[in-house]
Structure formats: structure tokens, C-alpha cells
Amino acid sequence: MNYQTLRHNCPSWNNYIQHEFVQQLTAGTLAADSFRHYLIQDYLYLIHYTRVMALSVYKSDTLAQMRVGQSGINAMLDLEIGMYLDFCHQWGIPLADVEGAAESAVTIAYSRYILDAAMSGSLAELYAAIAPCLMGYGEIGKRIKDNGFITGNPYQPWIDVFSSDEFQAITAQNEAQIDLLLADASPAQADKFQRLFDTAARMEVNFWQQALDLS
Ligand SMILES: Cc1ncc(CO)c(N)n1
């Protein structure tokens with residue numbers, strides 16, 4: 001078992017990567033209300049996601065494994081959340097409003113799902129559950145860059161983070177980590193990894209959709 005197998009077998013992968021939200025964001029046509037909704041919910045999600053990455057350090061056996069978790073934590077706190085703080089500043093959204101916003105049902109479901117997988121499972125299960133998140137956004141960023149950026153996109157800072165060399169290096173590092181952890185999976189373990197991955201990818205689709213629906 002490895003990352004590419006998980007990705008290939010995942011029924012909702014294309015729906016996730018090529019979701020209408022992503023297409024509108026890429027074209028710069030996404031409604032401001034939808035982006036604001038996404039930004040707030042994703043900020044709340046990332047707080048939990050960073051806690052999951054911290055658990056990956058806790059569950060690591062080696063320094064090399066810990067460093068992968070460390071760079072993930074740095075990417076969340078500095079790159080991603082940093083970019084959201086810039087958007088908040090630019091769009092006049094007080095941080096207190098973001099931190100005080102109610103989590104949507106979708107955000108709660110997804111963030112607590114990965115937290116549960118992280119707490120109750122092995123390091124390999126933790127990575128299977130978070131792989132759609134990190135790897136998917138990296139794939140989206142690379143895809144948008146490969147197709148060429150449009151000029152004057154209000155969402156360009158978001159695209160810049162996920163298409164950046166820095167983020168792409170982190171996804172490459174994570175893919176290597178996942179491949180090592182999953183290499184010797186038994187058929188039963190492989191099924192479990194795939195289920196965790198598929199569920200998380202399904203929740204990613206819902207995460208985009210909630211921003212379009214403002215739900
Ligand atoms: C919901 C979601 N998935 C993945 C990422 C990428 O880290 C993100 N910021 N938000």
C-alpha cells in the first residue's frame with residue numbers, strides 16, 4: 001500500500017480536486033461571501049488539524065518521523081494560517097470574529113473525525129486520515145500553477161501558498177512518509193487505511209460545498 005494507491009482508489013478524489021469551489025476560486029469568480037465563509041471555517045478547522053499534526057509528533061518513533069510532523073505544523077501555523085490572517089486584515093475581518101465564529105456541522109465532523117483517527121489509531125492510520133487534506137491541497141495548487149494563473153485574481157494569495165515550492169516540498173516529504181508507514185500493510189490494514197482516506201476525501205468535498213451553500 002502507498003499514497004498513490006490510496007489516491008487512485010478513492011471514489012471522490014476528482015470531485016474533491018476539481019470541485020466547483022476550486023474552479024471558481026481559480027477563475028477569480030468565487031463570491032466574496034463564499035470565500036469569507038470558507039476562510040472562517042478553514043481557520044477553525046486548521047486549529048484542530050494542527051493539533052492532529054502535534055499528535056503525529058507524539059506518535060512518532062524516530063527523529064525523522066517527528067521532523068515531518070514538525071514541518072507540517074510550521075506549514076499550518078506560518079504559511080496557511082498566516083495567509084488567512086493577511087486576508088482577515090485585508091478584508092477587515094477582526095480575528096476575534098473568526099475565533100468566536102460557530103463551527104459548522106461540516107467543520108466539526110471533519111476536524112473531529114481526523115482527531116479521533118489520530119488519537120485512537122497508529123501513526124500510519126493518522127497519516128491515512130490526514131493525507132487527503134495536505135496532499136489534495138498540494139495537488140490543487142500544482143494543477144492551478146501548471147495551467148497558468150489569471151491576472152488580478154483576488155484569491156491569488158491562497159493559490160500562491162498551495163502552489164509554492166515550500167508547500168510542494170512538504171507534500172513530497174509527507175508522501176514519502178506515508179509510503180514508508182504503509183509499505184508493509186496487511187490486507188486488513190490496507191482496507192482500514194483506504195476507509196480513513198476515502199472518508200476524509202468525502203469530507204473535503206463537503207467542506208468546499210458548505211462554502212458555496214453558505215451552510
Ligand atoms: C479543509 C482543508 N483541507 C485541507 C487543507 C490544507 O491544509 C485546508 N487548509 N483545509
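We number each residue from 1, following the sequence as shown. Remember, it's 1-based here, ligands and their atoms both numbered in the order they're listed.
Remark: ligand 1 atoms within the under-4.0 Å shell around heavy atoms of E204 are 1 (C), 2 (C), 3 (N), 4 (C). Taking a cut-off of under 4.0 Å to the non-hydrogen atoms of C133, the atoms of ligand 1 that pass are 3 (N), 4 (C), 5 (C), 6 (C), 7 (O).
The nearest heavy-atom contact from the protein to atom 10 (N) of ligand 1 is D42 OD1, 2.6 Å.
In terms of polar-atom proximity, Y84 is not counted as a contact of ligand 1, lacking any N or O under 3.5 Å from an N or O of the ligand. For ligand 1, the polar-atom distance check against Y16 finds no nitrogen or oxygen pair separated by under 3.5 Å. Annotation: Y45 places no N or O atom under 3.5 Å from an N or O atom of ligand 1; distance criterion only. Considering backbone and side-chain N/O of E80, one or more are found under 3.5 Å from N/O of ligand 1.
Hydrophobic cluster membership differs between L214 and I93, with clusters built from Ile, Leu, Val, Met, Phe, Trp and Tyr side chains linked at under 4.5 angstrom.
A donor-acceptor contact under 3.5 angstrom links the side chains of Q41 and T107, judged on distance only. Side-chain contact, Y49 with E80: no donor N or O sits under 3.5 Å from an acceptor N or O.
Ring pair W91/F35 is tilted by interplanar angle, where 30° to 60° counts as tilted.
Aromatic ring centroids of Y127 and Y3 lie 6.0 Å or more apart. Proximity of the aromatic rings of Y84 and W158 is defined here by a centroid distance below 6.0 angstrom, and this criterion is not met.
Note on ligand 1: L134 sits outside its first shell, no heavy atom being nearer than 4.0 Å.
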